[in-house]
A.B. asks: 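Encoded as structure tokens, here's the structure I'll be asking about.
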Amino acid sequence: MATPAGLERWVQDELHSVLGLSERHVAQFLIGTAQRCVSAEEFVQRLRDTDTLDLSGPACDFALRLWNKVPRKAVVEKPARAAEREARALLEKNRGSKQTEKPESEDEWERTERERLQDLEERDAFAERVRQRDKDRTRNVLERSDKKAYEEAQKRLRMAEEDRKAMVPELRKKSRREYLAKREREKLEDLEAELADEEFLFGDVELSRHERRELKYKRRVRDLAREYRAAGEQEKLEATNRYHMPEETRGQPARAVDLVEEESGAPGEEQRRWEEARLGAASLKFGARDAASQEPKYQLVLEEEETIEFVRATQLQGDEEPSAPSLPTQAQQKESIQAVRRSLPVFPFREELLAAIANHQVLIIEGETGSGKTTQIPQYLFEEGYTKKGMKIACTQPRRVAAMSVAARVAREMGVKLGNEVGYSIRFEDCTSERTVLRYMTDGMLLREFLSEPDLASYSVVMVDEAHERTLHTDILFGLIKDVARFRPELKVLVASATLDTARFSTFFDDAPVFRIPGRRFPVDIFYTKAPEADYLEACVVSVLQIHVTQPPGDILVFLTGQEEIEAACEMLQDRCRRLGSKIRELLVLPIYANLPSDMQARIFQSTPPGARKVVVATNIAETSLTIEGIIYVLDPGFCKQKSYNPRTGMESLTVTPCSKASANQRAGRAGRVAAGKCFRLYTAWAYQHELEETTVPEIQRTSLGNVVLLLKSLGIHDLMHFDFLDPPPYETLLLALEQLYALGALNHLGELTTSGRKMAELPVDPMLSKMILASEKYSCSEEILTVAAMLSVNNSIFYRPKDKVVHADNARVNFFLPGGDHLVLLNVYTQWAESGYSSQWCYENFVQFRSMRRARDVREQLEGLLERVEVGLSSCQGDYIRVRKAITAGYFYHTARLTRSGYRTVKQQQTVFIHPNSSLFEEQPRWLLYHELVLTTKEFMRQVLEIESSWLLEVAPHYYKAKELEDPHAKKMPKKIGKTREELG
DNA sequence: GAGCACTGC
């Protein structure tokens, strides 16, 4: 009979030769399953059910051999014994005492089996305790949240003040030029290579008309680019610029100097400049004579070969609404709230909609933004009596602000105080009470509620809004809700989505009917470029100016991919406007992206001064998250930055990719919110048709799923491969998540949730982070670990590094360094900030982002509250950082790297990795490292690294590491050891 | 010596 270890080795070897994989937990899973099955047939069937192995030919043979090899005696006895134990576990309470009597002669299988069952019992007891505590907890949330909201508002005001002080714009011409030059060079090289390829490959092939045209475009673009480059070099000699008006500027050198001074001006300069701008704009209004005299100059501004040719190709249809005016007029706003409600597009459908909801359990609602579905439908349901008998209506939103603002509006419409009948529930802020029946919440929040109420028993209706956005949480909700709906026939499910994909939702929910509500949108004319653009940034700038001088009034929205591009584009635009001076009307250039200080963000909402035009240069944030009034023109280069995840390496990367058609149309739609608009796409109609994906890949397929898997397991969903996903994630992603959870001890060898896993699921952080928090109890340092966890949760935006104070900022950062690594640096930053009384002034002085710190504080407070829930006590290590580092290692032993002759390599996958230059350990080379995350940018970088000792790995994860693989092959271990012993002796 | 879109619990 094979020993357990021998059997396991045998299975691993077999697995390797049969399937080409050899995972320890797979082997254990197979042995465990074989051991529990009464017959070989049952075993094969079970493996088939998991759907993880291809059980044809050799694999099936292997399964049979394995079943035979598992000790016969055990096979016959175990299931009966296990079943008996399970029954006893449920029925008897004095089981524990019987266990202690177990003879020592029991073999390893029996021991693990006993431990497993004991753990399951503990887990269920823990879950029950949590449920009970939730029940007992009485809330007085309303007052608390009001107070909190007030404090929040105060904090924001203070922060805006700080941000304003810190805001000092400056020029970065050099880096910008280098960036653009490099980009242009690369594009041109690409194009030339492509053309050369085509000529070589298809030179003598008959081309279709279309292909010929394409080729001609490409050649023309190449020639233009060459000419342009040549011209540019010529211009460099002349020290002029393409849009430069030489005679004007040369005549006014003083003006240029003025502008430079303004740029580096003191705080308050912005305000003055803005006022000047308004004055300037006002003065432009005098008479038509001015305007007329400017006309011919436009021709000079944009010479023919420098403009971009657009062709109008299609039109995004507006929704016809002849009777109702599209925007509430002044008079309308003064009318009663009820009249406004009646004017919404959804109103005429009220009865029909309620009938459809009554007749069908699941209804897909297709409606554009502005149809009133989000605010009205829950109210209709309320009026119809769906909230009687204490039942609630949930409406989920993908974003926090949306949940808050919609709830506030509905409360106003219903004439109740926010938090009473109508409330919202988002992370860090629960504005609901016992009386709340209409509950707006973020999708992630409803997902969390499944943990305490898996059947959503207190809800009569669940409405999933903005379903087309396909956020990770929405996608998981679909599967869960579909399941709940099956055994709760009285639960109504509404899925609200924009026109996209409603058919798919319908199919997913067993052909649920689709109810269409017209929106309120204006038509948008779509224009494409005639030829592809080599440098889209340059093309953007030219197009903006082109729109500015040739098109009627209306603000412009430009979509770029990130902060760097936005800054570059804004500078180019401002630069050119300055050179053109009074020859063109004023153009206000405003950037917007998530990391921009709040007061700068607020500027995009200020109304445009008369006579001027606003151009907002934005990231994806303007696609869904915020709406800017007055946008008539949209400029879309067709790119976005997207996160992707490689499950094989566990590495995330952020890359610029062409956006999808859906995304392009969403962007175009932004032009038609107040009037008929125009969208200029900086790519050809052909590219739109043939090169863009139909829809964006749903998030669930682009991200790591550790906490999702943990959550599903906690909800009792064991068979993830068969979970009803609208779009299933890659198989490898699920497998890696399972493997990691197994390594972390969240799942046992049969893939069942353990007590520790159940606790981890309670914490709203990634599994490794929650493991670290749980482990902090053992090392008595939960206070410190909470801080580290909170700081790690805010995305690398702790240190602020303004371009003009790089040296100061770097010095400030280095001052926080502590030996040991970045985790301790983060701890240090937070501790000092807390000692300053959470001061924003302190942040400003130390080049730390106040906004991020405030978020870290929120996270820390939430985690601290949850610590009690997972039954971990608060304790401090009192400066003994070894304990903190060990606790971190207990969560992150999966993420380790060791120094080899050829640099760092990850311990398990032997992948070459590098310390990120921002790390405190960048200039040191510790032998053993632990990293928080691995990101692929220009190289495979480890971000947030911590120095560890290899012996700790054996201490915290003996199941995962073998002493042998932690030996240092090159280290001169023996002499060192001897030396040490002697030292000790002496 | 790099350079992080956007959400959310």
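The sequence lines fix the lettering, A, B, ..., with proteins before strands; numbering per chain opens at 1.
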A.B. asks: Describe the nucleic acid contact of A:L654 in one word from base, sugar-phosphate, nothing, applying a heavy-atom distance below 4.0 Å.
C.D. replies: base

A.B. asks: In terms of ring plane angle, is the pair A:F725 and A:F723 parallel, tilted or perpendicular, where the classes change at 30° and 60°?
C.D. replies: perpendicular

A.B. asks: Pick base, sugar-phosphate or nothing for A:Q862, based on heavy-atom distances below 4.0 Å to the nucleic acid.
C.D. replies: nothing

A.B. asks: With a 4.0 Å cut-off on heavy atoms, is A:R943 in touch with a base, just the backbone sugar-phosphate, or nothing at all?
C.D. replies: base

A.B. asks: Name the residue closer to the 5' end of DNA chain B, choosing between A:N620 and A:L763 according to the nucleotide with the nearest heavy atom.
C.D. replies: A:N620

A.B. asks: For A:S776 and A:S782, does a side-chain donor sit closer than 3.5 Å to a side-chain acceptor?
C.D. replies: no

A.B. asks: Go through B:dC9, B:dG1, B:dT7 for me and flag the one nearest to the A:R399 side chain.
C.D. replies: B:dT7

A.B. asks: Side chain of A:F922: nearest nucleotide among B:dG1, B:dA2, B:dT7?
C.D. replies: B:dG1

A.B. asks: Give one of base, sugar-phosphate or nothing for A:T471, where a contact means two heavy atoms less than 4.0 Å apart.
C.D. replies: nothing

A.B. asks: Look at all strands and tell whether A:R427 reaches a base, only sugar-phosphate, or nothing, counting heavy atoms closer than 4.0 Å.
C.D. replies: base

A.B. asks: Verify the contact: side-chain N or O of A:R400 to OP1 or OP2 of B:dC9, cut-off strictly under 4.0 Å; return yes or no.
C.D. replies: yes

A.B. asks: For B:dC6 and A:T619 - does any side-chain N or O of the residue sit under 4.0 Å from the phosphate oxygens OP1/OP2?
C.D. replies: yes

A.B. asks: Check every atom of B:dC9, B:dA5, B:dC6 against the side chain of A:Q563 and return the nucleotide holding the closest atom.
C.D. replies: B:dA5

A.B. asks: Check whether any side-chain N or O of A:H468 sits under 3.5 Å from a backbone N or O of A:A498 as a donor-acceptor pair, and report yes or no.
C.D. replies: yes

A.B. asks: Look at the side-chain N and O atoms of A:T442 and state whether any lies under 4.0 Å from the OP1 or OP2 oxygen of B:dT7.
C.D. replies: no

A.B. asks: Among A:V615, A:V589, A:V617, which residue meets the side chain to side chain contact (heavy atoms under 4.5 Å, CB included) test with A:V544?
C.D. replies: A:V615

A.B. asks: Could you walk me through whether A:K643 and A:E652 pass the side chain to side chain contact (heavy atoms under 4.5 Å, CB included) test, one step at a time?
C.D. replies: CA-CA 7 Å; A:K643 196 173 82 175; A:E652 289 185 338; 3.6 Å; yes

A.B. asks: For A:K643, report the nucleic acid contact type (base, sugar-phosphate, nothing); a contact means any heavy atom under 4.0 Å.
C.D. replies: base

A.B. asks: Taking the side chain of A:E699 as heavy atoms from C-beta outward, which of B:dC6, B:dT7, B:dC4 is closest to it?
C.D. replies: B:dT7

A.B. asks: What nucleic acid atoms does A:I426 come within less than 4.0 Å of, heavy atoms only: base, sugar-phosphate, or nothing?
C.D. replies: sugar-phosphate

